[in-house]
Amino acid sequence: MKKYIATILIALFFFSTIGVVAAQEELPREQTLYTANSAPPTNANPIQGSNIIPIAGLVFEPLFMLNFMKTELVPWLAEYGKWVKPNVFEVKLREGTKWQDGKPLTAEDVKFSFEYYQKVGLKDWSKYGLQEIKVLDMRTVQFIFKSTPNVWAWRNELYSVLILPEHIFKNIDPQKVKTMTFLGNEQEYLVGSGAYKLYKVVQQQKAIFVRNDDWWGAKYFGLPAPKYIVQLYVGSNDQAANMFLKGDLDVGTYYVDIVELKKKNPNIVSWLDRPPYFPPVVPVIMYFNTKHKPLDNPLIRKAIAEAICPAQIVKQGPISDLPDQTPLGKVMQPWKEKIGVDQLIKEYGWKYCDPVDAAKLLDEAGIKDTDGDGWREYNGKDLILTFAACGPCSDWMQAVEIVVNQLKAIGIKVDVKKYDWGTMVSKQQAGEFDLTMHWAGTFKPDPYSVYYDLMYYKDENNKGGANFGNYYNPEANKLLDELAKTSDEAKQVELLRELTKIWLKDVPAVPLYMGTLFYEANTQYWANWPNEKNPYGVPIFWPGFGTWGTALAFLGVRPAKAVGPETTTVVQTQTVEKTQTVEKTQTVEKTVTVTASPTETKGSICGPAAILALVAVPLILRRRRL
Amino acid sequence: MGFKQYLKRKIVVYFLTFIFAVTLNWLLPRLMPGNPIEIMINSALGLSPQERETLLQFYEELYGLNKPLYVQFISFWKSLLTGNLGYSILYRAPVSDLIKHALPYDIAILFPAIVLSWIIGNWLGALAGKNKKYDRYVMPLFYFLASIPYFWFAMLLVYVIGVKLGWLPYQGAYSPDLVPSFSLMFVVDFLKHWILPFLSLFIVMIGSWAIGMRNMIIYELEADYVRYLEALGASEKLMTKHAYRNAILPQITGLALQLGLMVAGAIATEIVFNYPGVGVLLMRAALSQDYFLLQGGFLMIVIAVLVANFVIDIVYALIDPRVRVSYTEG
């Protein structure tokens with residue numbers, strides 16, 4: 001019996017080596033766009049955490065798309081959306097919107113969708129004081145609030161709520177929908193309104209989408225070029241780099257050595273043609289714990305900010321670009337121009353890389369080095385600030401080290417505490433730090449949200465989501481409360497100007513450098529990828545960002561007729577690094593975290609050690625027999 | 001009579017072990033300091049407090065974490081018996097689904113690797129134990145194979161055969177442009193991708209099986225019963241046959257354990273060859289604190305190892321008269 005099995009297996013083995021049949025492509029390469037994600041496609045749930053990129057935006061559509069790179073709303077299913085009264089927001093659908101099964105998409109579907117999100121428990125419209133969703137006619141729907149709601153927060157809902165087909169979803173229990181994956185038999189519910197339909201999911205490996213040639217949007221936006229979109233599962237950066245070299249991947253969000261990649265494959269493009277290549281989006285900022293002395297004193301915070309030199313971080317640290325003194329990143333450029341941020345910085349701001357003035361400020365505040373050991377004292381003891389950092393994030397640690405040295409130059413000792421990502425965030429939320437860094441609060445689609453997240457503080461339960469330092473300023477609270485209810489742009493700009501002034505004078509946090517997103521695309525088969533000069537879409541090819549502009553980018557690519565130069569030989573970069581890069585795989589959200597900067601590629605020793613330990617287990621077990 | 005009693009006792013012991021292991025498996029994440037769900041959510045984007053609250057509530061409800069511990073325990077067993085292993089936060093899919101889709105790849109690689117290496121390794125080991133000359137040349141090679149870091153060996157295969165010589169694909173379970181089906185094209189493609197990871201495991205395992213067998217054979221050949229046979233003038237073949245039958249016993253235990261651990265996948269292999277098995281799934285779960293996937297995975301392993309052990313116990317009782325006798329008399 002054993003012999004039989006052995007023979008069969010050996011026969012199979014030889015058969016497979018000999019039977020070399022050229023693998024024929026099932027999907028024509030010229031008509032297929034390949035993208036990838038670092039987690040396998042296992043969930044197509046449109047309203048609760050799909051990890052398949054095209055589900056939001058390409059299969060199911062929102063009323064508006066957000067173009068994050070310009071913080072601009074693009075009317076999508078909606079022809080317009082506007083405040084017709086201070087408490088009434090009216091949305092009119094475009095003409096001819098319809099579902100993929102041919103049924104018309106109407107205002108009733110919009111009403112149903114908003115209510116469904118609430119039933120599922122994912123949204124709470126009562127916090128806006130929403131009283132009624134009123135359908136005026138087939139194409140018009142009004143959201144009626146008690147009084148003017150937070151218009152900025154409401155704006156964010158317009159692109160985050162996907163419009164669902166009432167005739168399909170009314171049959172799904174909202175309580176059950178949360179845990180549904182919409183794969184297998186449940187795939188029948190995936191009737192969207194978008195330009196693509198889910199064709200097939202090979203669990204854990206890929207998701208294949210096919211174009212919906214009957215898309216309602218074709219007459220407004222044109223039919224998208226790729227017939228198929230395939231989302232592969234590519235877990236490691238090295239592997240992604242290899243695939244880009246070979247031309248197997250068209251677009252992705254991986255941390256690759258882009259200079260090297262461009263050299264080997266001239267078809268590779270990115271957001272910028274110059275360093276940092278990757279799109280710098282929002283600043284990574286250093287927080288002060290304003291509840292800890294002496295950091296409660298704005299002058300001390302300003303002194304520390306002045307000692308920081310972003311130019312050095314950009315040069316020696318992670319891939320980045322220069323920030324300015326405000327938390328408003330590059331994506332806010334249109335807003336910044338309206339607010340006149342440059343002028344405000346000149347008037348009220350402080351200067352980076354000014355250790356002389358920093359030392360002067362500290363001297364004035366009475367924080368001096370009296371015992372001559374090179375460190376300044378506060379209340380008779382060396383001033384030591386603890387810095388809560390993410391140990392495994394190698395690029396963040398580079399920046400932290402540079403900052404520590406820059407503060408050392410003005411006599412401030414920094415004690416760096418390294419945690420893993422989740423613990424670091426817990427420490428930040430608990431306020432257990434003197435200094436810490438994050439881009440939370442800056443990665444937002446509008447200036448209000450940035451300032452709200454970083455500066456709002458009523459009490460422990462009512463504060464901005466990223467106000468880790470518990471910065472408190474009643475003036476800022478007042479301005480933010482007012483801004484929340486202001487839909488008039490001239491007044492918005494005025495209020496934002498005041499907030500920027502407060503930020504510059506009070507220094508609640510200091511931008512260290514511009515965080516970059518990872519983005520690279522291949523023009524061998526598909527061209528017209530969004531870039532700095534043509535930012536029509538967003539280079540975030542991660543699940544959950546579909547309506548942030550990823551869908552816009554998919555819809556904007558065009559076939560590259562000219563076949564590029566021959567692809568160079570593929571160099572395998574599978575080194576020990578590879579074991580460590582696997583560490584980078586976190587939850588879907590966490591990958592997003594990684595984008596804006598920390599790449600846990602280097603990882604702590606624990607990761608590889610754990611892998612080796614796991615590898616050792618079977619070996620040990622095997623040994624036991626001896 | 002004796003065998004039935006033996007079986008009964010074993011079943012009770014295994015049942016208790018099972019309950020204990022599963023309970024422990026359930027308890028550990030709950031005894032961890034802090035709230036695992038909170039840590040997981042903290043690993044996410046800079047969420048607003050409301051969003052955090054919504055997510056927390058969603059997952060607490062999903063796992064019934066807001067209910068008293070004993071209710072959680074009961075519902076855990078209930079869902080377990082209905083085949084529900086929970087919901088992975090990392091992959092946003094039912095754990096049983098994830099494992100179901102990953103497991104075939106592990107079995108495809110590990111089962112033939114374990115079984116074939118066991119057969120061939122034992123054969124080679126037995127030869128070495130009997131034949132001194134052959135032993136001198138072959139055993140160092142086996143010791144080398146069994147003791148080199150597996151990672152290094154697998155990467156060497158990837159580099160030499162996959163990259164330098166370009167003979168075989170070395171990434172994934174099949175080409176990215178294919179969809180699994182029962183077409184000839186796919187099967188061929190799959191097998192081509194299968195060879196290298198299989199070989200890497202197979203070669204390394206041969207070494208350790210052979211070493212074990214060789215040592216056992218040498219030990220058995222020195223045993224009194226063989227000497228007695230020798231004194232009686234029995235043929236060489238007969239002596240070897242008896243020695244072999246005794247030496248193979250511990251090897252069977254080893255084989256069963258290996259097969260039991262198969263559901264855990266071969267993590268190193270899967271990493272090096274980017275093979276989509278359970279091993280990588282579990283590793284990623286561990287690294288991203290996805291307790292529910294980990295719990296589900298460990299549960300599978302616990303069950304498989306227990307089953308394997310149980311099978312060994314039965315097989316032992318059948319093939320080794322000593323075990324049977326000890327129970328019949330007891």
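Here is the naming used below: chain letters follow the sequence lines, and residue numbers restart at 1 for every chain.
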Restricting to non-hydrogen atoms, name the atom on Arg284(B) and the atom on Ser38(A) that form the minimum distance, rounded to 0.1 Å.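 Residues Arg284(B) and Ser38(A), closest heavy atoms: NH2-O, 2.7 Å.
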How far apart are the closest heavy atoms of Tyr233(A) and Val280(B), and which atoms are they?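 Tyr233(A) and Val280(B) have their closest heavy atoms at OH-CG1, 4.2 Å.
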Region of [X] in contact with chain B, defined by heavy-atom distances below 4.5 Å:
| X | value |
| --- | --- |
| Gln428(A) | neither |
| Ile208(A) | side chain |
| Thr179(A) | both |

Could you grab the distance from atom CG of Asn43(A) to atom CG of Asp97(B), nearest 0.5 Å is fine?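 Nearest 0.5 Å value for the CG-CG distance: 10.5 Å.
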Reported CG-to-OG distance for the pair Asn274(B) and Ser236(A), which is rounded to 0.5 angstrom: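 Spacing of CG (Asn274(B)) from OG (Ser236(A)) equals 7.0 Å.
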Between the side chain of Asn51(A) and the main-chain N/O of Tyr91(B), is any donor-acceptor distance below 3.5 Å?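 It does hold such a pair.
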Less than 4.5 Å apart, side chain to side chain, heavy atoms only: is that true for Leu98(B) and Thr42(A)?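 Leu98(B) vs Thr42(A): side chains touch.
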Can you tell which part of Tyr105(B) gets under 4.5 Å to a heavy atom of chain A, answering side chain, backbone, both or neither?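 Only the side chain of Tyr105(B) comes within 4.5 Å of chain A.
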Taking atom OH as the centre, does Tyr419(A) end up with more than 12 heavy-atom neighbours from other residues, nucleotides or ligands that are less than 6.0 angstrom away?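 Atom OH in Tyr419(A) is packed in, count exceeds 12.
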